[in-house]
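Following: one structure in C-alpha cells, then a few remarks.
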Amino acid sequence: MEQISPYPPRPVKRPLMFQSWRWLTFLHWRYEAEIIQRVLPGRITLDTFDGSAWVGLTPFLLANLRPPWAPALPWISRFPETNVRTYVRGPDGERGVWFFTLEANQLAAVVGARLTYHLPYRWARMSISRHASNVAYHSLRRGSFGKGFTDIVIAPGDPFNAGDLDNFLTARYRLYAVRRERIGFAQIDHAPWTLRRGRVVRLDQSLI
C-alpha cells in the first residue's frame with residue numbers, strides 16, 4: 001500500500017477561512033468495501049486500507065472560525081461539531097474525505113456550509129464538557145433535520161507515534177462535495193495531529 005505522510009501534500013496559498021479543531025476524538029469502524037462504495041457518488045472512489053473501508057465518527061469543538069480578512073466573532077466562531085466520514089479518492093486520484101453528515105450547533109454555520117460548499121450539515125443541539133479524566137460529547141438533531149444523536153464519553157490516554165493505519169485515517173487534506181453531479185473539493189492545510197490513545201467509556205449513537 002502507498003505510504004501516507006502525516007504532512008499536507010501542498011500549502012494552501014489563498015485560504016478561504018481559518019478554524020481550529022479542539023478536544024477532537026477519532027472513532028472508526030471497519031466495513032466491507034463494496035457496501036460503502038455503493039453509497040458514494042460516481043467518480044468518487046473508495047480508499048481502502050487492508051482491503052477494507054473505514055467509517056469515522058469525529059466529534060470536536062470548532063473554534064476561531066473566521067475569514068482571512070476578519071477576526072473571529074465570539075457568538076458564531078466557536079461551537080461543537082461532529083462528522084461522519086469515509087476515505088476516498090477523487091477523479092484525479094487525490095486522497096480525501098467524503099462526509100455523510102456533519103452535525104453542528106451553530107445554525108448560521110449549517111446554512112452557510114450547505115449553500116456555499118454543498119456539504120450535508122445538520123443543525124443539532126450539542127455540548128462538549130471536559131473533566132479531569134474524560135471528555136463528553138452530546139448531540140441531538142433539531143426539528144426538520146431528522147433524527148440523530150450521540151452520547152459519547154472518552155478517556156484520553158498517552159501520546160503515541162502514528163502508524164500507517166493512523167495516518168490513513170487522520171492525515172486527510174482534501175474534502176469532496178457534489179453539486180448537480182459536478183465534483184468539487186477544498187484543499188486543507190494544517191500541522192500533523194498529535195495523537196493520543198483513547199478509551200471508550202460510553203458510546204451510544206445513531207449517526208452511523
Side-chain angles (χ1 to χ4, degrees), residues 1-17 19 21 24-60 62 81-104 109-110 112-122 124 139 141 145-146 148 150 152 162-193 195 198 205-208:
M1 190 193 76
E2 176 188 349
Q3 191 172 20
I4 300 178
S5 169
Y7 295 92
R10 62 188 64 84
V12 176
K13 296 181 179 179
R14 296 180 179 178
L16 296 178
M17 72 171 65
Q19 57 184 263
W21 289 14
L24 178 145
T25 292
F26 292 105
L27 296 158
H28 283 97
W29 289 260
R30 183 194 295 264
Y31 274 78
E32 292 183 16
E34 295 79 6
I35 293 175
I36 304 303
Q37 183 63 63
R38 285 200 297 266
V39 296
L40 295 177
R43 300 176 64 213
I44 294 290
T45 304
L46 185 70
D47 198 7
T48 61
F49 188 94
D50 286 345
S52 295
W54 294 81
V55 174
L57 178 66
T58 306
F60 59 93
L62 189 149
E81 184 170 321
T82 295
N83 64 62
V84 176
R85 56 203 266 170
T86 195
Y87 304 100
V88 299
R89 292 179 184 262
D92 62 355
E94 182 87 10
R95 281 189 157 111
V97 173
W98 178 261
F99 291 111
F100 293 114
T101 184
L102 303 100
E103 318 287 305
V110 169
R114 290 177 73 97
L115 292 175
T116 305
Y117 293 100
H118 309 286
L119 292 169
Y121 268 86
R122 293 171 172 88
S139 71
R141 283 185 189 162
F145 287 89
T150 61
I152 302 168
D164 288 340
L165 177 58
D166 307 305
N167 287 330
F168 176 89
L169 298 173
T170 64
R172 296 284 166 162
Y173 296 100
R174 179 180 284 193
L175 65 85
Y176 289 98
V178 173
R179 181 191 183 192
R180 297 176 183 173
E181 299 184 358
R182 296 183 62 183
I183 296 173
F185 68 86
Q187 203 70 28
I188 302 163
D189 187 1
H190 63 77
W193 298 110
L195 298 176
Q205 58 86 26
S206 65
L207 299 186
I208 298 179

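Of all non-hydrogen atoms in Gln37 and Leu46, the two that sit nearest each other are OE1-N, 2.8 Å. Summarising the geometry of Tyr176 relative to Glu94, their closest heavy-atom pair is OH-O, 2.9 Å, with the distance given to 0.1 Å. Taking every heavy atom of both residues into account, Pro6 and Ala171 meet most closely at CA-CB, 3.8 Å. Taking both residues in full, the closest heavy atoms of Thr48 and Ala53 are given as CG2-N, 4.4 Å, listed atom of the first, atom of the second, then distance. Of all the heavy atoms in Val88 and Arg172, the pair that sits closest is O-NH1, 3.7 Å. Pairing each heavy atom of Ala177 with each of Trp98, the nearest pair is CA-CZ3, 3.8 Å.
Here the side chain of Gln205 pairs a donor or acceptor atom with the backbone of Leu207 at under 3.5 angstrom. A donor-acceptor pair under 3.5 Å is absent between the side-chain atoms of Arg114 and the main chain of Leu119, judged by distance alone. Side chain of Asp166 to backbone of Gly163: a donor-acceptor contact under 3.5 angstrom is found. Although no hydrogens or angles enter the test, the distance criterion places no donor-acceptor pair under 3.5 Å between the side chain of Arg182 and the main chain of Val178.
A donor-acceptor contact closer than 3.5 angstrom links the side chains of Ser139 and Thr150. If you check the side chains of Thr45 and Arg89, you find no donor sitting under 3.5 Å from an acceptor.
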Next item on the list: Kindly indicate, with the supporting measurements, whether the criterion side chain to side chain contact (heavy atoms under 4.5 Å, CB included) is fulfilled by Trp29 and Ile208.
Entry: CA-CA 10 Å; Trp29 289 260; Ile208 298 179; 3.4 Å; yes

Note to self: Run the salt bridge (charged side-chain N to carboxylate O under 4.0 Å, His left out) test on Asp189 and Arg174 for me, step by step, so that the C-alpha distance in whole Å, both residues' side-chain angles and the decisive distance to 0.1 Å come before the verdict.
What the structure shows: CA-CA 9 Å; Asp189 187 1; Arg174 179 180 284 193; over 6 Å; no

Notebook entry, point to check: Can you check side chain to side chain contact (heavy atoms under 4.5 Å, CB included) on Tyr31 and Thr86, steps first, answer last?
Noted result: CA-CA 10 Å; Tyr31 274 78; Thr86 195; over 6 Å; no

Next item on the list: Apply side chain to side chain contact (heavy atoms under 4.5 Å, CB included) to Thr101 and Tyr121, showing your working.
Entry: CA-CA 6 Å; Thr101 184; Tyr121 268 86; over 6 Å; no

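For the pair Phe185 and Leu175, the minimum side-chain heavy-atom distance is 4.5 Å or more. Looking at Trp193 and Asn167, their side chains never come closer than 4.5 Å, going by heavy atoms from C-beta outward. Between Pro9 and Gln187 the shortest side-chain heavy-atom distance falls below 4.5 Å. By the 4.5 Å heavy-atom criterion applied to side chains, Pro8 and Ile188 are not counted as neighbours. Using a 4.5 Å heavy-atom cutoff, the side chains of Phe100 and Asn83 are not in contact. In this structure, Val55 and Arg85 have side chains that are not in contact, with every pair of non-hydrogen atoms separated by 4.5 Å or more. You'll find the side chain of Tyr173 stays beyond 4.5 Å of the side chain of Val12, heavy atoms only. Counting heavy atoms from C-beta outward, Thr82 and Ile152 have side chains that stay 4.5 Å or more apart.
The 12-atom threshold is exceeded at CZ of Arg10, counting heavy atoms of other residues, nucleotides or ligands nearer than 6.0 Å.
Between Arg43 and Asp92, no side-chain nitrogen of the basic residue sits less than 4.0 Å from a carboxylate oxygen of the acidic one, so the salt-bridge criterion is not met. Under a 4.0 Å N-O distance rule, the pair Arg141/Glu103 qualifies as a salt bridge.
Remark: His28 NE2 to Thr58 OG1 distance equals 5.5 Å, nearest 0.5 Å. Note: Arg179 CZ to Leu115 CG = 9.5 Å, rounded to the nearest 0.5 Å. Between atom CG of residue Leu62 and atom CH2 of residue Trp21 there is a gap of 7.5 Å, rounded to the nearest 0.5 Å. Asp164 CG to Phe49 CZ: the interatomic distance, rounded to the nearest 0.5 Å, is 5.5 Å.
Ring centroids of Tyr7 and His190 are separated by 6.0 Å or more, keeping the two rings apart. For Tyr87 and Trp54, the ring centers are positioned 6.0 Å apart or more.
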